[in-house]
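The next block holds one structure in the form of structure tokens; read it before the comments.
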Amino acid sequence: MKKEEKTNVMRVFDSKKINYKSHNYLSTGAVSGTEVAQALEENPDMVFKTLVTVSKSGNHYVFLAPVEKELDLKKAAAVAGEKKIEMLKAKDLLPLTGYVHGGCSPVGMKKFFPTVIDESAARFDTIMFSGGKIGYQVEVSLEELKKVIRFELKDITKG
């Protein structure tokens with residue numbers, strides 16, 4: 001049995017003694033967050049996508065939203081205290097965060113950015129998000145996640 005590959009996120013969690021589960025969906029061909037939730041047979045409301053944004057003033061913010069929901073850029077800007085926020089261009093993601101599109105995680109970025117998780121996360125014992133590499137998800141409680149990154153819970157999605 002081949003030892004499972006560790007991603008940067010998993011190494012960060014291990015080093016901080018964080019209690020988490022890792023999930024590998026590489027063999028499923030899932031691409032979108034909704035497909036990932038289906039492939040892992042998880043409730044899509046507890047599977048989160050990591051969205052990196054940039055404000056008019058040039059500041060960067062990270063938002064985690066359920067995979068089937070859309071980030072409300074107006075709400076996101078208000079939470080961040082900015083006039084306007086837009087999604088970071090895909091080509092800027094790797095140099096800024098160290099992660100590729102589809103494998104971006106709020107844990108282990110090159111630099112820490114203010115992070116907001118949709119308040120719906122509080123309804124679950126654990127949430128899932130990218131393990132920092134396409135094909136990997138990590139599942140962790142918000143309590144455990146707090147030991148690694150600072151974040152706020154706010155209403156940031158449409159609808």
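All of these numbers come straight from a predicted model, not from anything done at the bench.
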> So, Thr50 side chain and Cys104 main chain: donor-acceptor pair closer than 3.5 Å or not?
Replying inline: yes
> Transitively linked via ILVMFWY side-chain contacts under 4.5 Å: Val148 with Phe112?
Replying inline: yes
> Can you name the nearest heavy-atom pair linking Glu35 to Val31, along with the distance?
Replying inline: OE1-N, 2.6 Å
> Looking at Met10 and Ser22, what are the two nearest heavy atoms and their distance?
Replying inline: CE-CB, 3.6 Å
>> Using the rule given for salt bridge (charged side-chain N to carboxylate O under 4.0 Å, His left out), can you reason through Lys75 versus Asp155, listing the C-alpha separation, both sets of side-chain angles and the distance that settles it, and then say yes or no?
In response: CA-CA 7 Å; Lys75 285 181 184 176; Asp155 173 18; 3.1 Å; yes
>> When you compare the side chain of Pro44 with that of Pro66, does any pair of heavy atoms fall below 4.5 Å?
In response: no
>> Go through it in stages, so that I can follow the logic: the residues are Lys133 and Glu5, the test is salt bridge (charged side-chain N to carboxylate O under 4.0 Å, His left out), and I'd like the CA-CA distance, side-chain angles, deciding distance and then a yes or no.
In response: CA-CA 10 Å; Lys133 200 169 184 186; Glu5 184 182 351; 2.2 Å; yes
>> So Ile18 and Val140, do their side chains get closer than 4.5 Å, heavy atoms only?
In response: yes
>> If I take atom NZ from residue Lys21 and atom CD from residue Gln137, how far apart are they, to the nearest 0.5 angstrom?
In response: 13.0 Å
> Under 3.5 Å, side chain of Tyr25 to main-chain N/O of Gly135, donor-acceptor pair present?
Replying inline: yes
> To the nearest 0.5 Å, how far apart are OG in Ser120 and CE in Met46?
Replying inline: 11.0 Å
>> Would you say Glu82 and Tyr61 are linked by a side-chain donor-acceptor pair, where the criterion is simply a distance under 3.5 Å?
In response: yes
>> Quick one: does any side-chain atom of Arg150 pair with a main-chain N or O of Pro114 as donor and acceptor, under 3.5 Å?
In response: no
> Can a salt bridge be assigned to the pair Glu144 and Lys16 using a cut-off of 4.0 Å between side-chain N and carboxylate O?
Replying inline: no
>> Quick one, Ile134 and His101 - any side-chain contact, counting heavy atoms below 4.5 Å?
In response: no
> At what distance, to the nearest 0.5 angstrom, does NZ of Lys111 lie from OG1 of Thr97?
Replying inline: 12.0 Å
> At what distance, to the nearest 0.5 angstrom, does OG1 of Thr115 lie from CG of Leu153?
Replying inline: 11.5 Å
> Which heavy atom of Pro106 sits nearest a heavy atom of Ile149, and at what distance?
Replying inline: O-CG2, 3.7 Å
> Can you list the steps and then say if Leu88 with Leu96 is a side-chain contact (heavy atoms from CB on, under 4.5 Å)?
Replying inline: CA-CA 10 Å; Leu88 187 73; Leu96 183 73; 3.6 Å; yes
> If you measure from the Lys or Arg side-chain nitrogens to the Asp or Glu carboxylate oxygens, is any gap between Lys158 and Glu70 under 4.0 Å?
Replying inline: yes
>> For Ser130 versus Val138, what's the shortest heavy-atom pair and its separation?
In response: O-CG2, 4.0 Å
> Between atom OH of Tyr136 and atom CG of Leu26, what is the distance when rounded to the nearest 0.5 Å?
Replying inline: 5.0 Å
>> Below 30° counts as parallel, above 60° as perpendicular, anything between as tilted: where do the rings of Phe13 and Tyr20 land?
In response: tilted
> Taking a hydrophobic cluster as the set of Ile, Leu, Val, Met, Phe, Trp and Tyr residues connected by side-chain heavy atoms closer than 4.5 Å, whether directly or through intermediates, do Leu142 and Val107 fall within one such cluster?
Replying inline: yes
> Tell me, do Thr53 and Phe63 make a side-chain contact under 4.5 Å, heavy atoms counted?
Replying inline: yes
> Are Val79 and Val62 grouped together when hydrophobic residues (ILVMFWY) are joined by side-chain heavy atoms under 4.5 angstrom apart?
Replying inline: no
> Can you find a pair of side-chain heavy atoms, one from Glu139 and one from His23, that are under 4.5 Å apart?
Replying inline: yes
>> Are Met128 and Phe48 packed together at the side-chain level, in the sense that at least one heavy-atom pair is separated by less than 4.5 angstrom?
In response: no
> Are the side chain of Lys49 and the backbone N or O of Lys69 linked by a donor-acceptor pair below 3.5 Å?
Replying inline: yes
> Cluster question for you: counting only ILVMFWY and a side-chain heavy-atom cut-off of under 4.5 Å, with indirect links fine, are Val47 and Leu71 together?
Replying inline: no
>> When you measure from the side chain of Glu41 to the backbone of Gln38, do you find a donor-acceptor pair of N or O atoms at a distance under 3.5 Å?
In response: no
>> Test side-chain contact (heavy atoms from CB on, under 4.5 Å) on Ile85 and Val54; report intermediate values, then the result.
In response: CA-CA 6 Å; Ile85 269 185; Val54 61; over 6 Å; no
> Can you find a pair of side-chain heavy atoms, one from Tyr99 and one from Leu94, that are under 4.5 Å apart?
Replying inline: no
> Do Ser55 and Ser57 have a side chain donor and acceptor closer than 3.5 Å?
Replying inline: yes
> Counting only N and O atoms by type, is there a donor-acceptor contact under 3.5 Å from the side chain of Asp118 to the main-chain atoms of Ile156?
Replying inline: yes
> Taking the side chain as C-beta and beyond, is there a heavy-atom pair between Ile117 and Leu145 under 4.5 Å?
Replying inline: yes
> Is there a path from Val9 to Ile127 through hydrophobic residues (I, L, V, M, F, W, Y) whose side chains come within less than 4.5 Å of each other?
Replying inline: yes
>> To the closest 0.5 Å, what do you measure between CG (Leu93) and CG (Leu51)?
In response: 10.0 Å
